[in-house]
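The residues of the chain are indexed from 1 along the displayed sequence.
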Amino acid sequence: MTSGERVRRAAVKLFAAKGFHGTGIRDLAQEAQLSSASLYHYMGTKEDLLAGIMRDSLGRLLTGAERAVAGVTDPAERMGRLVALHVITHARRPEETKVVDDEVRVLSSGARRAVVELRDAYERLWGETIEAGLRAGAFHTPRPEVTRKALLEMCGGVARWYSARGALSLDELAGHYAVLALRALGAREPLAAPDLDVCRAVVASVWGPA
């Protein structure tokens, strides 16, 4: 592992555990096994480091979502894949996703803009899929925007509590969440989990093996 990779890993771990403001330069240097003076060679400012982690994580999430739904026209399958991908990613990469979800507010306006653009592009995939389902008569919800936000919050929360030692496998959890999402959107019964093999493969291709 290079020094730059050690700095990034240390930052992800500490920002997730202590928050951006709770993490000092000395903490980062100690965790990355570097001197405080040499740390800046690999990170720029602390905000540069945070913003870079966020852009990278959101870019991977967006790329994965686009790959997972490419060529899929059925709104229920598209929505199921988006939900499953979100759940699998948040369960497998809890620290990165927690940093993205919790720390965007601390960025200055310039750094925040690029991060928010990526986040909005990702959430737009969800919104467009819901709208397509409503137009096709596959979904029936009077509050699509509120439902979208509720589903993203529900799925993102997996990062805070999921354990591989729990009662459900990750596939079972992702499939269950996909069915819950379709039910919240008023999809017709019977409801089925999406193609989890595709979702798993996409996450591995974007983030690397578990």
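When each of Val203, Leu173, Leu82 is tested with Val87 by the rule side-chain contact (heavy atoms from CB on, under 4.5 Å), just one qualifies, namely Leu173. Test Leu28, Val12, Leu49 against Val7 for side-chain contact (heavy atoms from CB on, under 4.5 Å) and you get one pass: Leu49. Put simply, the residue from Arg9, Arg26, Lys13, Arg8 that forms a salt bridge (Lys or Arg N to Asp or Glu O under 4.0 Å) with Glu31 is Lys13.
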Step by step, would you call Ser3 with Leu34 a side-chain contact (heavy atoms from CB on, under 4.5 Å)?
-> CA-CA 8 Å; Ser3 296; Leu34 294 168; 4.2 Å; yes
Any chance you could lay out the side-chain contact (heavy atoms from CB on, under 4.5 Å) test for Val158 and Tyr177, step after step, and finish with the verdict?
-> CA-CA 10 Å; Val158 167; Tyr177 265 55; 3.8 Å; yes
Could you give me the CA-CA distance, side-chain angles and deciding distance for Leu58 and Glu96, then say whether side-chain contact (heavy atoms from CB on, under 4.5 Å) is met?
-> CA-CA 9 Å; Leu58 282 167; Glu96 283 101 332; over 6 Å; no
Please lay out, stage by stage, how Glu77 and Arg81 fare under the test salt bridge (charged side-chain N to carboxylate O under 4.0 Å, His left out).
-> CA-CA 6 Å; Glu77 178 65 20; Arg81 290 191 188 192; 2.8 Å; yes
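Interatomic distance, CE of Met54 versus OG1 of Thr97, reported as 11.5 Å (0.5 Å rounding). Residue Arg119 holds its CZ atom at 15.0 Å from CZ of Arg55, rounded to the nearest 0.5 Å. Distance CZ/Phe20 to NZ/Lys46: 4.5 Å, rounded to 0.5 Å. Note that the CG atom of Leu185 and the CG atom of Leu180 stand 11.0 Å from one another [nearest 0.5 Å].
When every heavy atom of Cys199 is checked against every heavy atom of Ile88, the shortest pair comes out as CB-CD1, 4.0 Å. Contact between Trp126 and Leu151 at its shortest, heavy atoms only, is CZ3-CB, 3.9 Å. Across Phe139 and Thr129, no two heavy atoms sit closer than the pair CE1-O, 3.8 Å. Taking each heavy atom of Ala65 and Leu85 in turn, the nearest pair found is N-CD2, 3.3 Å. Shown here for Ile130 and Pro144, the closest heavy-atom pair between the two residues is CG2-CB, 3.9 Å. Between Val115 and Ala51, the shortest heavy-atom contact is CG2-O, 4.3 Å.
Hydrophobic clustering, with ILVMFWY side chains joined whenever heavy atoms are under 4.5 angstrom apart, groups Leu14 together with Val106. Under a hydrophobic-cluster definition in which Ile, Leu, Val, Met, Phe, Trp and Tyr are linked whenever side-chain heavy atoms come within less than 4.5 Å, directly or via other members, Val72 and Leu125 are assigned to different clusters. The hydrophobic clustering, which links ILVMFWY residues whose side-chain heavy atoms are closer than 4.5 Å, places Ile53 and Leu61 together. In the hydrophobic cluster analysis, where Ile, Leu, Val, Met, Phe, Trp and Tyr join through side-chain heavy atoms closer than 4.5 angstrom, Leu134 is grouped together with Met79. Taken together through direct or relayed side-chain contacts under 4.5 Å among Ile, Leu, Val, Met, Phe, Trp and Tyr, Trp161 and Leu152 form part of one hydrophobic cluster.
When atom types are taken as modelled, the side chain of His140 and the backbone of Gly186 share a donor-acceptor pair closer than 3.5 angstrom. Side chain of Arg148 to backbone of Gly127: no donor-acceptor contact under 3.5 angstrom is found. For Glu47 (side chain) and Ala111 (main-chain N/O), no donor-acceptor pair under 3.5 Å exists by modelled atom type. Arg78 places a side-chain N or O within 3.5 Å of a backbone atom of Val69 that can act as its donor or acceptor partner. Of the possible polar contacts, one joining the Ser38 side chain to the Ser35 backbone as a donor-acceptor pair under 3.5 Å is found.
By the side chain to side chain contact (heavy atoms under 4.5 Å, CB included) test, Thr2 is found to be paired with Glu5, residues two or more places apart in sequence or in another chain being considered. Contacts of Ser163 classified as side chain to side chain contact (heavy atoms under 4.5 Å, CB included), with partners at least two apart in sequence or in another chain: Arg165. Among residues two or more places apart in sequence or in another chain, the side-chain hydrogen bond (donor to acceptor under 3.5 Å, both in side chains) test is passed with Arg200 by Asp171, Asp197.
In this structure, Arg60 forms a cation-pi arrangement with Trp207, its terminal cationic atom sitting closer than 6.0 Å to the ring centre and no more than 45° off the ring axis.
With respect to Lys98 and Glu95, no salt bridge is recorded, no charged nitrogen being found less than 4.0 Å from a carboxylate O.
Environment of OH in Tyr162: crowded, with over 12 heavy atoms of neighbouring residues, nucleotides or ligands closer than 6.0 Å. Counting non-hydrogen atoms of neighbouring residues, nucleotides and ligands closer than 6.0 angstrom, the CD atom of Glu189 exceeds 12 such neighbours. The number of heavy atoms from other shown groups lying within 6.0 Å of NZ (Lys18) is above 12.
Residues Asp48 and Met43 are not in side-chain contact: their nearest non-hydrogen atoms beyond the backbone lie 4.5 Å or more apart.
Counted by atom type alone, Ser205 and Arg67 present one or more donor-acceptor pairs between their side chains at under 3.5 Å.
Using a 30° and 60° split on the angle between ring planes, His86 and Tyr122 fall in the parallel class, below 30°.
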